Amino acid sequence: MILPLLFYERDTVTVARALLGMRLVHATPGGRTVGRIVETEAYLFNGDPACHAHKGKTKRNAVMFGPPGHAYIYFVYGMYYCFNVVTAPEGIGEAVLVRALEPLEGIPLMEKRRHTRALHNLCSGPGKLVQAMGMSGELNGCPLYRGPLTIHAPDSFGLESTVQEAEIIATPRIGITKAADLPLRFCLKGNQFASRRTHP
DNA sequence: TGCCTGATTGCCT
DNA sequence: GGCAATCAGGCAA
């Protein structure tokens, strides 16, 4: 089942946790790739200086202020993209950064795009998974409930989280300097496919 | 294993 | 002009 707009139009931390276990699907002419979300980070409008939207709307972060359930993809460090899911009602600049996936389908295509055959190195980081899934800046602002990039609940799950609360750990976020102490990174406990650093 | 650095570009001050 | 929600590779221990 493709997650509907309703799923995203909630509290950002709730969505960040609920996204764990969901499947990101990208259909391209070259083939279809699917990954299970195993690591996310929440970025909040208020009280979170690390959030791109913290200082207000700009050209770069405009999508974060738009309707939820859309992709916010930005370019960073001159060579990488990061993929986020816009959350919270329109006008509230919040999003969830997807930091790691467990590769499920289209693994040969991911290997080709990433130029490696190491399964644990295909999607274990925000820049890596964008590369492995074949995403680009063109998808910035696209809805995630209507292809080519969509997020699905695994069969037999609805809007509720697909994982037990006890299976989720919260840690400080990665690679930021501001508000570095806030526990807004969420991972599946003991998952092999998360980006390296763990800080339980 | 873990720390340090270079690569490379658009956006914001 | 500075910096950024990163990554890969090099080097030391």
Side-chain angles (χ1 to χ4, degrees), chain A residues 8 11-13 15-17 19-20 24 33 35 37-66 68 70-88 92-103 110-142 144 149 151 169-188 191-200:
Chain A
Y8 303 99
D11 169 77
T12 298
V13 169
V15 177
R17 302 176 75 102
L19 278 172
L20 294 174
L24 181 64
T33 45
I37 298 172
V38 300
E39 180 180 348
T40 61
E41 283 181 0
Y43 284 87
L44 311 178
F45 192 31
N46 293 307
D48 181 10
C51 179
H52 287 176
H54 181 68
K55 290 182 181 173
K57 191 172 176 178
T58 66
K59 182 180 174 183
R60 183 199 201 199
N61 66 26
V63 172
M64 289 181 83
F65 289 85
H70 288 234
Y72 169 49
I73 298 180
Y74 66 89
F75 188 60
V76 72
Y77 293 115
M79 53 174 70
Y80 296 108
Y81 290 93
C82 289
F83 166 66
N84 299 248
V85 173
V86 176
T87 56
I92 308 292
E94 304 199 343
V96 173
L97 170 69
V98 177
R99 285 195 56 89
L101 305 173
E102 175 179 342
M110 291 184 182
E111 291 173 342
K112 190 174 156 192
R113 287 169 174 157
R114 290 272 303 126
H115 303 109
T116 176
R117 296 193 61 190
L119 190 62
H120 291 275
N121 197 27
L122 292 178
C123 300
S124 54
K128 296 180 188 180
L129 71 89
V130 163
Q131 210 178 7
M133 296 291 288
M135 297 187 267
S136 74
E138 291 178 17
L139 292 167
N140 187 39
C142 287
L144 295 167
L149 183 64
I151 302 180
I169 56 173
T171 79
R173 292 171 293 183
I174 306 289
I176 56 171
T177 53
K178 297 170 232 170
D181 52 331
L182 298 180
L184 293 176
R185 172 183 180 232
F186 305 99
C187 309
L188 293 180
N191 189 278
Q192 306 285 309
F193 295 92
S195 68
R196 279 295 177 194
R197 289 135 77 184
T198 335
H199 203 295

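Sequence lines set the chain letters: A, B, ... in the order given, protein chains first and strands last, and positions in each chain run from 1. Hydrogens, waters and symmetry mates play no part in the numbers below; they use all other heavy atoms, side chains included. It should be emphasised that the depicted structure is a prediction, and the values quoted were computed from it without experimental measurement.
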Open item on the list: Determine whether a donor-acceptor pair (one donor, one acceptor, N or O, separation below 3.5 Å) exists between the side chain of A:Tyr74 and the base of C:dA5.
Closed with: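 Present.
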Task: Spacing of CE belonging to A:Met135 relative to OG1 belonging to A:Thr33, to within rounding of 0.5 Å - done: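 Rounded to the nearest 0.5 Å, the CE-OG1 separation comes to 7.5 Å.
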- [ ] First locate atom CG of A:Leu97, then atom CD of A:Glu39, and finally report the distance between them rounded to the nearest 0.5 Å.
- [x]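 So the CG of A:Leu97 and the CD of A:Glu39 are separated by 8.5 Å.
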Open item on the list: Work out how far the C1' atom of B:dG10 is from that of C:dA8, and round it to whole angstrom.
Closed with: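 Pairwise C1' distance, B:dG10 against C:dA8, rounds to 22 Å.
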Measure from the side-chain heavy atoms of [X] and tell me the nearest of [options].
X: A:Lys59; options: C:dT6, B:dC12, B:dT8; result: B:dC12
X: A:Phe75; options: C:dA4, B:dT9, B:dC12; result: B:dT9
X: A:Asn84; options: B:dA7, C:dA5, B:dC11; result: C:dA5
X: A:Tyr77; options: C:dA8, B:dT8, C:dT6; result: C:dT6
X: A:Thr177; options: C:dT6, C:dA8, C:dA4; result: C:dA4
X: A:Lys55; options: C:dA5, B:dT13, C:dA8; result: B:dT13

Could you give the [atom1]-to-[atom2] distance, from [X] to [N], as a whole number of Å?
X: A:Arg113; N: C:dC7; atom1: CZ; atom2: C1'; result: 19 Å
X: A:Ile176; N: C:dA4; atom1: CD1; atom2: P; result: 11 Å
X: A:Leu122; N: C:dA8; atom1: CG; atom2: P; result: 11 Å
X: A:Tyr81; N: C:dA4; atom1: OH; atom2: P; result: 20 Å
X: A:Asn140; N: B:dG10; atom1: CG; atom2: P; result: 15 Å
X: A:Met79; N: B:dG6; atom1: CE; atom2: P; result: 13 Å
X: A:Leu182; N: C:dA5; atom1: CG; atom2: C1'; result: 13 Å
X: A:Asn61; N: B:dT13; atom1: CG; atom2: C1'; result: 15 Å

- [ ] Would you classify A:Gly127 as touching base, sugar-phosphate or nothing, given that sugar-phosphate means primed atoms plus P, OP1 and OP2, and contacts are heavy atoms under 4.0 Å?
- [x]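 Sugar-phosphate contact only - A:Gly127 comes under 4.0 Å of backbone atoms but never of a base.
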Compare every heavy atom of [Y] with every heavy atom of [X], then report the nearest pair and how far apart it is.
X: A:Val13; Y: A:Phe186; result: CG1-CZ, 3.8 Å
X: A:Asn61; Y: A:His52; result: ND2-O, 3.0 Å
X: A:Val98; Y: A:Leu129; result: O-CD2, 3.4 Å

- [ ] Without swapping roles, check the side chain of A:Arg113 against the backbone of A:Ala132 for a donor-acceptor pair under 3.5 Å.
- [x]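 Between the backbone of A:Ala132 and the side chain of A:Arg113 there is a qualifying donor-acceptor contact (under 3.5 Å).
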Task: Secondary-structure stems for DNA chain C, with pairs counted as Watson-Crick or G-U when both distances are under 3.5 Å and runs at least 3 long - done: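 The stems are B:1-7 with C:6-12, B:9-12 with C:1-4.
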TODO: Please figure out whether A:Tyr43 or A:Asn121 has its closest DNA chain C nucleotide nearer the 5' end.
DONE: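 Looking at DNA chain C, the more 5' nearest nucleotide goes with A:Tyr43.
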Would you please confirm or rule out a distance under 4.0 Å between OP1 or OP2 of [N] and any side-chain N or O of [X]?
X: A:Arg60; N: B:dT9; result: no
X: A:Arg185; N: C:dA5; result: no
X: A:Lys178; N: C:dA4; result: no

Task: pi-stack flag for A:Tyr80 and C:dT6, centroid dist under 5.5 Å, interplanar under 30° - done: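 One would not call A:Tyr80 stacked on the C:dT6 base.
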Open item on the list: Determine whether A:Leu44 and A:Cys51 satisfy the following criterion, side chain to side chain contact (heavy atoms under 4.5 Å, CB included), listing intermediate values before the conclusion.
Closed with: CA-CA 6 Å; A:Leu44 311 178; A:Cys51 179; 5.8 Å; no
- [ ] Apply the test side chain to side chain contact (heavy atoms under 4.5 Å, CB included) to residues A:Tyr74 and A:Asn140: give CA-CA distance (whole Å), side-chain angles for both, the deciding distance (0.1 Å), then the verdict.
- [x] CA-CA 7 Å; A:Tyr74 66 89; A:Asn140 187 39; over 6 Å; no
